[in-house]
Amino acid sequence: MKRSAPSDSHGDDRGRQAPGRRRGDNLADPGVPRTTCVFKALCTESLTSVLLGSRAAIKEQIQQETGSKLVFSNKGDHFPRTELRVLGVFSEEARHILQA
């Protein structure tokens, strides 16, 4: 049985790098686009349902018509101390976000 490396004096792994990662690697969520413009909003569950539509059809339509990408937090993942989901609207141009 292999032992794990001892943790620091705080009893956790602060400062340790994930296996296979180098310091400076982007640790951002891979599902979030890297763009120059972003608009974030908090949405109720009912508004999120309307914006997604059946099988995300409305979301796809908005994305195609505006050239932006809509990313919703997962169901059950709420903004801290609220019951609201996070919507990110991403684009290389601000006018596409305004159209969305």
Side-chain angles (χ1 to χ4, degrees):
M1 180 178 205
K2 207 174 185 183
R3 284 195 224 184
S4 61
S7 59
D8 67 9
S9 62
H10 296 289
D12 61 14
D13 291 332
R14 279 187 273 179
R16 291 187 183 264
Q17 296 173 10
R21 292 214 183 248
R22 297 179 310 237
R23 193 169 299 280
D25 279 355
N26 182 6
L27 299 177
D29 183 343
V32 175
R34 298 184 91 187
T35 61
T36 56
C37 300
V38 64
F39 175 81
K40 288 191 177 182
L42 300 178
C43 301
T44 62
E45 195 63 45
S46 59
L47 177 58
T48 300
S49 295
V50 169
L51 291 172
L52 286 172
S54 179
R55 299 184 186 257
I58 295 174
K59 173 187 161 190
E60 293 297 327
Q61 181 181 357
I62 293 170
Q63 291 179 147
Q64 288 177 355
E65 290 176 0
T66 65
S68 60
K69 174 130 176 107
L70 279 65
V71 178
F72 292 89
S73 61
N74 293 326
K75 191 169 190 167
D77 287 344
H78 299 116
F79 190 77
R81 294 186 291 277
T82 73
E83 293 294 318
L84 301 172
R85 289 175 62 179
V86 178
L87 163 63
V89 183
F90 298 84
S91 180
E92 289 300 323
E93 297 183 37
R95 66 185 173 90
H96 293 161
I97 291 174
L98 294 172
Q99 290 172 344

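The shown structure was predicted, so the numbers you read here are calculated from the model rather than taken from an experiment. Below, all heavy atoms of this structure are taken into account, side chains as well, without hydrogens, waters or symmetry copies.
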query: Could you state the interatomic distance from CG (Asp77) to CG (Leu84), rounded to the nearest 0.5 Å?
result: 13.0 Å

task: Determine, step by step, whether Val89 and Val38 satisfy the side-chain contact (heavy atoms from CB on, under 4.5 Å) criterion, reporting the C-alpha distance in whole Å, the side-chain angles of both residues, the deciding distance to 0.1 Å, and the verdict.
output: CA-CA 6 Å; Val89 183; Val38 64; over 6 Å; no

field: Heavy atoms from other residues, nucleotides or ligands near CZ of Phe39 exceed 12 (cutoff 6.0 Å)
entry: no

Minimum heavy-atom distance between Ala94 and Cys37, given as atom pair plus value: N-SG, 3.6 Å

field: Nearest heavy atoms of Lys75 and Glu45, plus distance in Å
entry: CE-OE2, 4.0 Å

message: Treating Glu83 as the side-chain partner and His78 as the backbone partner, does any N or O pair qualify as donor plus acceptor under 3.5 Å?
response: no

- prompt: So do the side chains of Val71 and Leu87 get within less than 4.5 Å of each other, counting heavy atoms only?
  reply: no

message: Restricting to non-hydrogen atoms, name the atom on Ile58 and the atom on Val50 that form the minimum distance, rounded to 0.1 Å.
response: CD1-O, 3.3 Å

task: Group every Ile, Leu, Val, Met, Phe, Trp and Tyr by side-chain heavy-atom contacts under 4.5 Å, then state whether Leu47 and Leu70 land in the same group.
output: yes

- request: Only counting residues at least two apart or in another chain, list the ones meeting salt bridge (charged side-chain N to carboxylate O under 4.0 Å, His left out) with Glu93.
  value: Arg95

task: Any chance you could measure His96, atom NE2, to Ile62, atom CD1, to the nearest 0.5 Å?
output: 14.5 Å

field: Rounded distance [0.5 Å steps], CD1 in Ile97 versus NZ in Lys40
entry: 11.5 Å

field: Side chain Arg85, main chain Ser73, donor-acceptor under 3.5 Å
entry: yes

query: What distance separates Ser91 OG from Lys69 NZ, expressed to the nearest 0.5 Å?
result: 12.0 Å

query: Between the side chain of Thr36 and the main-chain N/O of Glu92, is any donor-acceptor distance below 3.5 Å?
result: yes

